[in-house]
Amino acid sequence: GAEKPLLTSFPNPFEDKTTIIFIAENTSEATLTIYNTLGEKVAEIFKGTVEKEKRYKTEFAGNSLPEGIYYCALESKENLNVIKLVVIKP
C-alpha cells in the first residue's frame, strides 16, 4: 500500500483556516511551526510529546496573515517534514 503522508493540510490554498494532519513516526517531542518565506516563525501550532504512529489533527487560522506562501514544518529530534501552505485573499 501507499505510505500515508506524514504531514498534510486541507484546504490548501486557503483563505481563513486550514486543517493540518500529521502522523508521528516515533514517540518523541515534536513541534509544528508555520514559517514565512523569509524563514521567520509566524505561529507555533503544536509543541509536545507525540506517540508513534498516532494521528494528530489541528486547525490553523491564517486570516491575519498576508496573502502568500508559508511553510508548515513538523520537527522532531529525528525528522523534519515540511509542506507548503498558500494563503489566498478573496
**Report entry** Spacing of F22 atom CZ and I83 atom CD1 [to the nearest 0.5 Å]
**Finding:** 11.0 Å
Query raised in the report: So does K17 pair up with E59, basic N to acidic O under 4.0 Å?
Result: yes
Requested in this report: Supply the atom-to-atom distance L85 CG to I69 CD1, rounded to the nearest 0.5 angstrom.
Outcome: 10.5 Å
Query raised in the report: Under a 4.5 Å side-chain heavy-atom rule over Ile, Leu, Val, Met, Phe, Trp and Tyr, are Y70 and V86 clustered together?
Result: no
Query raised in the report: Under the 3.5 angstrom rule, does the side chain of T31 hit a backbone N or O of K47 as a donor-acceptor pair?
Result: no
Report task. Say whether L7 and V87 are linked into one hydrophobic cluster, either directly or through other cluster members, by side-chain heavy-atom distances under 4.5 angstrom. Result -> yes
Query - Path from Y56 to F60 over hydrophobic side-chain contacts below 4.5 Å - result: yes
Query raised in the report: Does a side chain donor of either T49 or E29 reach within less than 3.5 Å of an acceptor in the other side chain?
Result: yes
Counting only pairs under 3.5 Å, give me each side-chain donor-acceptor contact of residues 75-82, with atom names and distances, residues two or more places apart or in other chains.
from : atom 1 : to  : atom 2 : distance (Å)
E75  : OE2    : Y35 : OH     : 3.2
S76  : OG     : N79 : N      : 3.3
N79  : ND2    : E25 : OE1    : 2.9

Query - Residues in side-chain contact (heavy atoms from CB on, under 4.5 Å) contact with E53, at least two apart in sequence or another chain - result: none
Query raised in the report: Distance-only, no hydrogens or angles: does the K89 side chain make a donor-acceptor pair with backbone N or O of N63 under 3.5 Å?
Result: yes
Query raised in the report: Could you go step by step and tell me if F10 and I21 meet the side-chain contact (heavy atoms from CB on, under 4.5 Å) rule?
Result: CA-CA 9 Å; F10 62 90; I21 292 172; 3.5 Å; yes
Query - Spacing of N12 atom CG and I88 atom CD1 [to the nearest 0.5 Å] - result: 9.0 Å
Report task. Kindly indicate whether the side chain of T33, heavy atoms from C-beta on, has any atom under 4.5 Å from the side chain of Y71. Result -> no
Report summary line: Applying salt bridge (charged side-chain N to carboxylate O under 4.0 Å, His left out) to K84 and not counting sequence neighbours gives none
Report task. Kindly indicate, with the supporting measurements, whether the criterion side-chain contact (heavy atoms from CB on, under 4.5 Å) is fulfilled by I34 and I20. Result -> CA-CA 11 Å; I34 307 291; I20 297 168; 4.3 Å; yes
